[in-house]
Visitor: 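Sharing a structure with you now.
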Amino acid sequence: MKLSELFTKTSKDIPVGETAKNAQLLIRAGFIFKDSAGVYALLPLGLTVVENLKGIIRKEMNSLGAQELLMTTLQRKEIWEQTDRWDDNNVSCWFKSKLKNGAEVGMAWSHEEQITNMMRLFIASYRDLPVNVYQFQTKLRNETRARSGIIRAREFLMKDLYSYSRTEAEHQAFYDSVTAAYLRVFDQVGLGDRTFLTFASGGDFTQFSHEFQTITPSGEDTIYLHRGKKIAINEDVLDDDVLKKLELDRAELEKLLAVEVGNIFSFGGVKSAQLGCYYSDEDGKQKPVILGSYGIGVTRLMGVIAECLADGNGLVWPANVAPATVHLIFVGNDDTVIKAATDLYHQLQAANVKVLYDDRVITAGEKFADADLIGLPYRLTVSQRTIENEQFELKPRTIKDTKLVTADEVIKILATKNAN
RNA sequence: CGGGGUGUGGCGCAGUUGGUAGCGCGCCGCGUUCGGGACGCGGAGGCCAGCGGUUCAAGUCCGCUCACCCCGACCA
């Protein structure tokens with residue numbers, strides 16, 4: 001893609017009133033557009049990042065044997081009344097509206113009820129189980145106050161996975177496999193070294209749920225981390241009993257701020273029973289299906305990556321998340337330099353390297369600044385002094401030093417770095 | 001939902017005791033530049049958030065509404 005043709009442009013100005021670093025950078029770099037508080041549109045660069053994240057997550061979900069589907073945003077009141085979660089006093093984040101005939105509908109903030117209601121039609125026998133399905137769906141939540149940029153939005157993209165199992169043992173095995181898959185996802189998106197499995201409140205259903213918390217000073221949650229064991233406890237559930245159960249010594253825990261990037265939850269058979277989702281076991285007896293729910297906030301994840309990995313000059317994307325692999329620029333407006341850069345652009349494209357080519361005739365400073373702001377993994381510079389020896393200057397985004405390489409060498413280095 | 005703040009060209013802002021709106025960035029044209037957000041000259045662009053008052057006269061004073069931001073509560 002040529003930068004001159006890319007929608008949209010970068011900006012020097014920090015958006016006023018936007019205090020969250022993730023949103024400031026993503027807006028300035030042209031990845032997102034803020035429509036209103038907590039409501040952000042994805043522009044081409046941001047959408048590409050989201051699609052890359054979805055690709056990483058999708059691969060892991062499929063490897064668990066889960067199947068992708070897509071539920072609806074409009075949801076029926078009657079279903080949510082069965083679990084007593086329609087009432088605004090019980091769930092405060094509902095957006096609600098009415099059909100022309102007066103019937104009330106809700107906008108999806110979660111899909112546990114809706115999807116379990118649907119499952120009643122497809123689960124009759126133990127032979128129909130287990131079933132694991134997931135989706136990438138927009139969630140709408142009427143937060144009383146949006147904040148933290150795209151980390152806490154009113155409208156956001158979530159990957160939600162639901163597991164339907166026969167027994168607690170079958171459920172637990174799947175639950176554990178999801179835990180491992182989630183850790184692999186956070187590893188792949190560059191947050192592995194700072195994201196930890198965290199014990200959190202299990203609500204009415206189990207003692208614990210598990211969160212995946214990414215450590216960052218701008219975090220909203222407080223966790224207590226045991227670095228050696230790589231597990232943490234959410235402040236909300238920390239007490240002596242919990243410490244004993246998890247065999248942790250309070251003195252060995254670090255108190256840290258973190259953002260929840262994933263959450264996994266066991267519902268047992270309670271919700272299934274409320275919604276009438278039963279199956280017949282081998283002995284012919286009706287039993288409620290064991291339900292698990294597993295979420296990753298995809299757009300939030302983009303925000304957390306931006307927030308955690310950025311430096312003073314702009315965004316920093318891991319190679320398999322970045323909207324392209326290399327940011328190609330030329331310095332000076334000499335025809336031979338421009339031709340050399342354009343030739344290299346075509347060579348990179350032919351070699352399947354994802355390249356963003358800054359073909360604008362502007363000052364070098366602007367190009368360097370934009371390259372740093374957008375944050376692709378590599379910057380490739382063409383100038384009079386590099387082409388003298390038919391070489392180009394290659395610089396990783398996070399490393400200060402540059403090195404001169406030939407076109408063949410560039411392609412060799414970059415061809416393996418593409419996002420999935 | 002409590003407390004505080006802000007709404008003026010696309011963006012960021014200034015606007016004095018009320019007298020008919022200006023600056024920077026960006027944008028358009030021409031020229032000079034070209035390794036870290038260059039410079040000169042010439043342009044375009046505004047019902048001053050909305051509604052209603054006071055006044056000969058309102059961006060400015062008063063009232064209401066809306067939107068946005070910050071702190072807190074909430075985040076199933």
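Each chain gets a letter, A, B and so on, in the order its sequence line appears, and its residues count up from 1.
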Visitor: Where the side chain of A:Arg379 is defined as all heavy atoms beyond and including C-beta, which of B:rG37, B:rG36, B:rA76 is the nearest nucleotide?
Guide: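 In terms of side-chain proximity for A:Arg379, the closest of B:rG37, B:rG36, B:rA76 is B:rG36.
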Visitor: Give one of base, sugar-phosphate or nothing for A:Ser209, where a contact means two heavy atoms less than 4.0 Å apart.
Guide: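 The answer is nothing, as A:Ser209 stays clear of every strand by at least 4.0 Å.
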Visitor: Taking only the side-chain heavy atoms of A:Thr144 (C-beta and beyond), determine which of B:rC74, B:rA76, B:rC27 contains the nearest atom.
Guide: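 Nearest to the side-chain atoms of A:Thr144, counting from C-beta on, is B:rC74.
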Visitor: With respect to A:Trp109, which candidate in A:Phe156, A:Phe95, A:Trp86, A:Trp80 satisfies the ring-ring contact (aromatic ring centres under 6.0 Å, His included) definition?
Guide: A:Trp80
Visitor: Counting neighbours of CD on A:Glu247 that are heavy atoms of other residues, nucleotides or ligands and sit closer than 6.0 Å, is the number greater than 12?
Guide: no
Visitor: Rounded to whole angstrom, note down the P distance from B:rU8 over to B:rC48.
Guide: 11 Å
Visitor: Classify the side chain of A:Glu366 and the base of B:rG36 as holding, or not holding, a donor-acceptor pair under 3.5 Å.
Guide: no
Visitor: Check for me whether A:Lys339 meets the cation-pi criterion with A:Phe330, that is, NZ or CZ under 6.0 Å from the six-membered ring centre and within 45 degrees of the ring axis.
Guide: no
Visitor: What's the gap between B:rC28 and B:rG10 when it is taken at their P atoms, as a whole Å value?
Guide: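 Between the two P atoms, the distance is 16 Å.
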Visitor: Taking the nucleotide of RNA chain B with the nearest heavy atom to each, does A:Lys34 or A:Pro15 sit closer to the 5' end?
Guide: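 Whichever sits nearer the 5' end wins; that is A:Pro15.
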Visitor: Touch check for A:Arg154, heavy atoms < 4.0 angstrom, all strands: base, sugar-phosphate only, or nothing?
Guide: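 Result for A:Arg154 = nothing.
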Visitor: Hey, does A:Asp334 reach any base, or is it just sugar-phosphate, or nothing, if we go heavy atoms under 4.0 Å?
Guide: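 Touches nothing.
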Visitor: Go through B:rG37, B:rG35, B:rC68 for me and flag the one nearest to the A:Ala37 side chain.
Guide: B:rC68
Visitor: Does B:rA38 have its OP1 or OP2 closer than 4.0 Å to a side-chain nitrogen or oxygen of A:Thr363?
Guide: yes
Visitor: With respect to the phosphate group of B:rC70, does any side-chain polar atom (N or O) of A:Thr19 fall under 4.0 Å of OP1 or OP2?
Guide: yes
Visitor: Quick one: which of B:rC27, B:rC74, B:rG35 gets closest to the side chain of A:Thr381?
Guide: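 Of the options given, the side chain of A:Thr381 lies nearest B:rG35.
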Visitor: Looking only at N and O atoms, is any donor in the side chain of A:Asp13 or the base of B:rG26 less than 3.5 Å from an acceptor on the other one?
Guide: no
Visitor: Please pick, from B:rG12, B:rG37, B:rA76, the nucleotide with the shortest atom-to-atom distance to any side-chain atom of A:Val16.
Guide: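 Of all the options, the side chain of A:Val16 is nearest to B:rG12.
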Visitor: Identify which nucleotide among B:rG35, B:rA76, B:rG26 has an atom closest to any side-chain atom of A:Lys12, counting heavy atoms from C-beta outward.
Guide: B:rG26
Visitor: Angle between ring planes, A:Phe136 versus A:Tyr134, binned at 30° and 60°: parallel, tilted or perpendicular?
Guide: perpendicular
Visitor: Kindly point out which of B:rG36, B:rA76, B:rG37 is positioned nearest to the side chain of A:Trp109?
Guide: B:rA76
Visitor: Does A:Ser36 contact B:rA67 through a side-chain donor or acceptor facing the base, at a distance under 3.5 Å?
Guide: no
Visitor: Whole-Å distance between B:rC68 P and A:Phe33 CZ?
Guide: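 These atoms are roughly 13 Å apart.
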Visitor: Taking the same atom, P, in B:rA73 and in B:rA14, what whole-Å distance lies between them?
Guide: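 Their P atoms lie roughly 31 Å apart.
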Visitor: With rounding to the closest Å, how many angstrom separate the P atoms on B:rG19 and B:rG35?
Guide: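 Their P atoms lie roughly 49 Å apart.
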Visitor: Which nucleotide sits closest to the side chain of A:Val331: B:rG35, B:rA76, B:rG37?
Guide: B:rG35
Visitor: So, does the side chain of A:Ser92 form a donor-acceptor pair with the base of B:rC74 at under 3.5 Å?
Guide: no
Visitor: Would you say the side chain of A:Arg360 and the base of B:rG37 hold a donor-acceptor pair, judged only by whether the two atoms sit under 3.5 Å apart?
Guide: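 No.
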Visitor: Where does B:rC48 land, syn or anti, given syn is within 90° of 0?
Guide: anti
Visitor: Quote, to the nearest angstrom, the C1' distance that separates B:rC51 from B:rC25.
Guide: 33 Å
Visitor: Pick the P atom in B:rU32 and in B:rG22, then give their distance to the nearest Å.
Guide: 33 Å
Visitor: Taking side-chain hydrogen bond (donor to acceptor under 3.5 Å, both in side chains) as the criterion, tell me which of A:Gln82, A:Gln75, A:Arg76, A:Lys271 meets it with A:Glu113.
Guide: A:Lys271
Visitor: I'd like the C1' distance from B:rG12 over to B:rG46, given in whole Å.
Guide: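 Rounded to whole Å, the distance is 16 Å.
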Visitor: So for A:Arg145 and B:rG3, does any side-chain atom that can act as donor or acceptor lie under 3.5 Å from a complementary atom in the base?
Guide: no
Visitor: Does A:Tyr175 form a ring pair (Phe, Tyr, Trp, His ring centres under 6.0 Å) with A:His210? I'd like the steps, not just the answer.
Guide: CA-CA 10 Å; A:Tyr175 191 93; A:His210 293 94; 5.5 Å; yes
Visitor: Considering only atom P, compute the distance from B:rU60 to B:rC64 and round it to an integer number of Å.
Guide: 16 Å
Visitor: What nucleic acid atoms does A:Ile14 come within less than 4.0 Å of, heavy atoms only: base, sugar-phosphate, or nothing?
Guide: nothing
Visitor: Using OP1 and OP2 only, check whether a side-chain N or O of A:Lys395 sits under 4.0 Å from B:rG36.
Guide: no
Visitor: NA contact type, A:Glu393, heavy-atom cut-off 4.0 Å: base, sugar-phosphate, or nothing?
Guide: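 If one applies the 4.0 Å heavy-atom cut-off, A:Glu393 turns out to touch a base.
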Visitor: May I ask you to say what A:Ala369 touches in the nucleic acid, namely base, sugar-phosphate or nothing, with a heavy-atom cut-off under 4.0 Å?
Guide: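 It contacts base atoms.
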